[in-house]
Amino acid sequence: MKNVILRSIVVPLASRAGTALAAYLVAKGLDGTLADQFANGVLAVVLVVCDLITGKALNLLGQPREAA
């Protein structure tokens, strides 16, 4: 369940948000490489937070954890 939520909803939304953020930063004059690095960092933080939240939610629901 957790992987389905992350792969089908969170990752595509976060990827598009990261692309939009990078495009905005390039339009504001930031170097393209730095904008990509910044957007990738923000994307990584968002995905880690979503992973932690879904893990906690599954624990509260009493569902077993999936093997990695």
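All figures in this text were calculated on a predicted structure; none of them were measured in a lab.
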* Distance from Gln37 atom CD to Leu25 atom CG, nearest 0.5 Å? -> 12.0 Å
* Rounded to the nearest 0.5 Å, how far apart are CG of Asp36 and CG of Leu43? -> 11.5 Å
Count I, L, V, M, F, W, Y as connected when their side-chain heavy atoms are under 4.5 Å apart, and connections chain through other members. Are [X] and [Y] then in the same cluster?
{"X": "Ile53", "Y": "Val45", "answer": "yes"}
{"X": "Ile9", "Y": "Val11", "answer": "no"}
{"X": "Leu34", "Y": "Val42", "answer": "yes"}

Can you name the closest pair of heavy atoms from [X] and [Y] and give their distance?
{"X": "Ala35", "Y": "Val26", "result": "CB-CG2, 3.7 Å"}
{"X": "Gly18", "Y": "Ala39", "result": "O-CB, 3.4 Å"}
{"X": "Ala14", "Y": "Leu47", "result": "CB-CD2, 4.1 Å"}
{"X": "Ser8", "Y": "Pro12", "result": "O-CG, 3.7 Å"}

